[in-house]
J.: 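Supplied in structure tokens, the structure appears directly below.
Order of appearance sets the numbers: ligands from 1, and atoms from 1 within every ligand.
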Amino acid sequence: MSITKWVYDFGNGKAEGCAAMKNLLGGKGANLAEMSSLGLPVPPGFTITTEFCTYYYANGKQYPSELKAEVAAALAAIETGVGSRFGDPVNPLLVSVRSGSRASMPGMMDTVLNLGLNNVTVLGLIERSGDARFAFDSYRRFIQMYGNVVLGVDHHLFEEILEEYKHVNRRALDTDMTAEDWRALISAYHVMVERELGRPFPQDVHEQLWGAIGAVFGSWMNPRAITYRRLHDLPADWGTAVNVQAMVFGNMGENCATGVAFTRNPSTGENVFYGEYLVNAQGEDVVAGIRTPQHLTVAGKLANHSDLPSMEEVMPELFSQLDNVRVLLERHYRDMQDIEFTVQQGNLYMLQTRTGKRTAAAALKIAVDMVDERLITEAEAVQRIDPASLDQLLHPTLDPKAKRTVVTRGLPASPGAASGRVVFTANDAVIQVTLGEAVILVRIETSPDDIHGMAVAKGILTARGGMTSHAAVVARGMGRPCVAGAGELRIDYKAQVVVVNNVSIKAGDLITIDGATGEVMLGKVATIQPALSGDFGKLMAWADRIRRLKVRANAETPLDARTARRFGAEGIGLCRTEHMFFDAARIIVVREMILAEDEAGRRTALAKILPMQQNDFFELFQIMEGLPVTIRLLDPPLHEFLPHLDSEMEEVARAADTDVLKVRQRSLQLHESNPMLGHRGCRLGISYPEIYEMQVRAIFQAAVDIMMAGGAPVAPEIMVPLVGMRKELTIIKELIDRVAAEVVGVSGVALSYQVGTMIELPRAALRAGDIAHDAQFFSFGTNDLTQTALGISRDDAGTFMPDYRRLGIFEQDPFASLDTEGVGELLHIAVERGRATRPGLKVGICGEHGGDPASVHFCDKIGLDYVSCSPYRVPIARLAAAQAALSSSSIQD
Ligand code: ADP
Ligand code: MG
Ligand code: MG
């Protein structure tokens, strides 16, 4: 018979678990064990494993018989460690019951503190502490917490009783309450709980303990936790652990305190100790926003213009102890930590450590600094940055020159600027966003109930809470700009209005917040492009050294091309020539060409377009300075260019010197019922070779011009779209070669160029071996290939895709992240067959997927030469490509 161990001890300088056992012990339990083994002052306790949680749900919520005995033994070990007994009337042990899954997860049961208090043990606590006020305050906190989170009594009911009592007895603040007051309140709580539940508040401490344990495991399946897991793709079978730990008291007097800290600044990444604390306080008081927290360091106090003394000043010795812990934890974990601590009567206790959440900017700075400090290697630094998070750094910040009306200031809790319409609830945020609005979620403070609204809001603004409040931490994790603790805001949820310094802002009004400065502004404020810091350049250089895949950009305008180069693109992987046609001045000529009745008419119009296209390519080649440029010949269905309005038809008729009736007739003729699969791509070049001829001539003449002007030699890569049959490419390649020979003949300048094709039809992928005889390169157009392989129209998928996602038919939107199983197999086949015909065939990808990190990994794996993506995604692709190279090399090791 195999015996599963369900319970692991920690404390007193040793532990049965360790940090590596996170899956079994949950993050909190594993790190409490690790800190114990490191010799840090951790109150002793034990962890019931996540395996138990899985067992519990697999067995009809039954407890295995051995559990009781294991818990009893572990409890006895705590009693020995602390020197008090659970339920003892004279010297009672009190514990906290804390949930802890692998990933920290809002939505789980809140921690219950001071468990083990009842009408008898509270007297023991008075005896032991010599402080009746403290003991009764702890007991009433316990009844309130346990009553709410375990027994499900609405917390308003407790608050009402407290407010009523304070009002009647003229107590303004909690601190005005005497021991006698708290005692009276406890009686009132007991009466209320019994009335609500039909049974008294549990006095048996073991019943209390098992009730709390059961509530933690029960909370794993509550709707909030389920929503969070869905949002973050966390599997339900991970389970949660439960931690039971001896209480230490930060609320036993002025030589007590409780606090939270980051070992480095989580917003900027600066290597400074960064945190907040409160004297004579317990548990979540610091983050709850009830009292204004004080800074840990003098520097922090000054930087935030706080007049409350810092811990460094008030408790210098304890501060320096804590500072040593900070250094030790960073050396040990080799990463920035987020810690929780409590000081009980001059003794420091560590209650938690975990890898700290940080902004993208901070992640970058910390990774680069840690390489300089020799804590981690360059490769580790590259692996630590989530490529998608770079988005935060690449996007605009407020234009310092733009006019702004600042109405108030809060804490700069998560950087970035955001404008949007004010909403006051998470649900309203979701509704407005569905209607296409950008919103700023404005709350007094946020809680895990607001996660769904925070996820869709452009920014978050709160009136209460510090830099470590729920809003601040969650916003940083999500990369959302956030201004927290803007204390001047008077929010009236009922009236849907916030008043600040005599300005009232209603729901639906536009505001702007700057999470880097804490400013709150009226209206929408203009933004500018970000400057990329030195750290960014360093990390990118490391990534570039590691990656095998090349990264190009999809660009057709000079602006896009410049942006692409600024972000490190190594060429253009896709220049969509039709985008050059939509310009207001050109579209008339383009329409004239399309609507012409015969070749002669088309050629007349094409002659007008030629110099424009030639100039486009000249500019592009100039900016790219000899880097490869892949130009796709005209691709979209002609119908996209057709005039719709009468006035447009008249315009075209005038330009082409014909009458409107003819124009209208020809428009009708060109109408298609399924243009996506209609007269488009190379089919245009087959029917109207003169169009492609003009484009190719423009490309070659531009290349010649560049070289004659002394520019870097260009070797254009001409890409033929939507090839399904080799013969299509053969015909068009002949055309291209003929025009090239003509241009060379006239100019006398030698040209080198390549002709290739886009693989965007399943047939092309399957017949790649055949097509590669004519193609010198392939580029996967995975947008169309996904549409044609799945038979799903991207523009219409919105109607059923949510159902498909919800039911897990698609794990991911196949248009955002490559369907590696299906479409991916087509890619794989095409690469193999193409290279079998033409060894070393250059292959790239130029769909949206080229900038999606998971898709980039796949492209690396199947041996593509490059990915091409929109200019803003280039850094993301560079980093993802490096990570792909690192993960494939670690597999081979
Ligand atoms: P969360 O997962 O929300 O961070 P925790 O389990 O860390 O919840 O508990 C929240 C807070 O409760 C801690 O930061 C700490 O201040 C307090 N707390 C938890 N356990 C203890 C304990 N054994 N003694 C004193 N305070 C505790
Ligand atoms: Mg919590
Ligand atoms: Mg915690």
Side-chain angles (χ1 to χ4, degrees), residues 10-11 25-32 35-36 40-48 75 78 81-82 84 86 93-117 125 134 137-138 141-142 144-146 149 209 212-213 215-216 219-220 224-225 228 240-252 256-262 275-288 290-291 293 337-345 347-357 446-448 466 468-470 472-474 477:
F10 61 81
L25 303 179
K28 200 178 285 165
N31 286 323
L32 283 168
M35 284 199 293
S36 293
L40 292 175
V42 175
F46 61 86
T47 305
I48 307 177
L75 198 58
I78 303 181
V82 179
S84 57
F86 194 51
L93 166 71
L94 304 189
V95 295
S96 67
V97 176
R98 321 169 66 183
S99 62
S101 44
R102 288 192 209 182
S104 102
M105 218 178 88
M108 293 302 299
M109 189 199 82
D110 287 329
T111 295
V112 174
L113 301 178
N114 310 323
L115 189 142
L117 280 174
L125 188 62
F134 152 75
D137 179 27
S138 301
R141 284 177 191 247
F142 170 58
Q144 199 166 335
M145 256 193 238
Y146 193 92
V149 304
L209 180 62
I213 292 172
V216 173
S219 71
W220 183 249
R224 257 174 27 180
Y228 185 87
T240 182
V242 176
N243 301 289
V244 176
Q245 186 179 29
M247 280 300 298
V248 286
F249 301 97
N251 56 336
M252 258 185 173
C256 302
T258 183
V260 294
F262 291 90
E276 292 166 335
Y277 81 111
L278 279 175
V279 171
N280 199 7
Q282 188 176 54
E284 313 258 37
D285 291 358
V286 178
V287 290
I290 299 161
R291 278 164 64 189
Q337 298 294 297
D338 167 355
I339 60 178
E340 299 177 0
F341 65 91
T342 282
V343 174
Q344 174 179 315
Q345 299 181 318
N347 293 306
L348 176 69
Y349 294 95
M350 298 308 299
L351 293 177
Q352 190 169 338
T353 189
R354 63 182 160 194
T355 305
K357 285 205 165 50
T446 63
S447 76
T468 47
S469 62
H470 179 266
V473 171
V474 172

J.: Please name all residues satisfying side-chain contact (heavy atoms from CB on, under 4.5 Å) with S36, sequence neighbours left out, ordered by chain then number.
T.: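 S36: side-chain contact (heavy atoms from CB on, under 4.5 Å) contacts with F10, A15, V42.
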J.: I'd like to know if P43 contacts ligand 1, where contact means a heavy-atom distance under 4.0 Å to any ligand atom.
T.: no
J.: Return the option from S96, G259, A281 holding the heavy atom at the smallest distance from atom 22 (C) of ligand 1.
T.: S96
J.: For ligand 1, is any non-hydrogen atom under 4.0 Å from V248's backbone (N, CA, C, O), its side chain (CB onward), both, or neither?
T.: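 Answer for V248: both.
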J.: With a 4.0 Å cut-off on heavy atoms, is K28 in contact with ligand 1?
T.: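 Yes, K28 has heavy atoms under 4.0 Å from ligand 1.
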J.: I'd like to know if the side chain of N31 and the backbone of G27 have a donor-acceptor N/O pair within less than 3.5 Å.
T.: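 Such a contact is found between N31 side chain and G27 backbone.
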J.: With a 3.5 Å distance limit and no angle check, can you tell me whether Q245 reaches the backbone of P43 through a side-chain donor-acceptor pair?
T.: yes
J.: Working to the nearest 0.5 Å, report the span between OG of S84 and CD1 of I78.
T.: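 Taking OG in S84 and CD1 in I78, the distance rounds to 9.5 Å.
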J.: For V149, check side-chain contact (heavy atoms from CB on, under 4.5 Å) against everything at least two apart and list the hits.
T.: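 So V149 forms a side-chain contact (heavy atoms from CB on, under 4.5 Å) with M109, D110, V112.
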J.: Heavy atoms only, cut-off 4.0 Å: how does S99 contact ligand 1, side chain, backbone, both, or neither?
T.: neither
J.: Take the Mg ion (ligand 3) as the centre and count protein N, O or S atoms at distances under 2.8 Å.
T.: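 Protein N, O or S neighbours of the Mg ion (ligand 3) under 2.8 Å, waters not counted, come to 3.
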J.: Where's the contact between M247 and ligand 1, heavy-atom distance under 4.0 Å: side chain, backbone, both or neither?
T.: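 Looking at M247 and ligand 1, atoms from backbone and side chain both fall under 4.0 Å.
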J.: Given 3.5 Å as the limit, does a donor-acceptor pair link the side chain of K28 with the main chain of S99, or not?
T.: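 Side chain of K28 to backbone of S99: a pair is present.
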J.: Okay, side chain of D338, backbone of R354: is any donor-acceptor separation there less than 3.5 Å?
T.: no
J.: Which residues satisfy the ring pair (Phe, Tyr, Trp, His ring centres under 6.0 Å) test with F262, sequence neighbours excluded?
T.: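 Per chain and number, F262 pairs via ring pair (Phe, Tyr, Trp, His ring centres under 6.0 Å) with no residue.
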J.: Does only the side chain of D110 get under 4.0 Å from ligand 1, or the backbone, or both, or neither? Count heavy atoms.
T.: neither
J.: For T342 and T258, does a side-chain donor sit closer than 3.5 Å to a side-chain acceptor?
T.: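 Side-chain D/A pair, T342 to T258: present.
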J.: Would you say that L351 contacts F341 through its side chain, given a criterion of any heavy-atom pair below 4.5 Å between the two side chains?
T.: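 Contact flag for L351/F341 side chains = no.
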J.: Hey, which atoms in ligand 1 end up nearer than 4.0 Å to a heavy atom of A246?
T.: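 Near A246, the atoms of ligand 1 are 22 (C), 23 (N).
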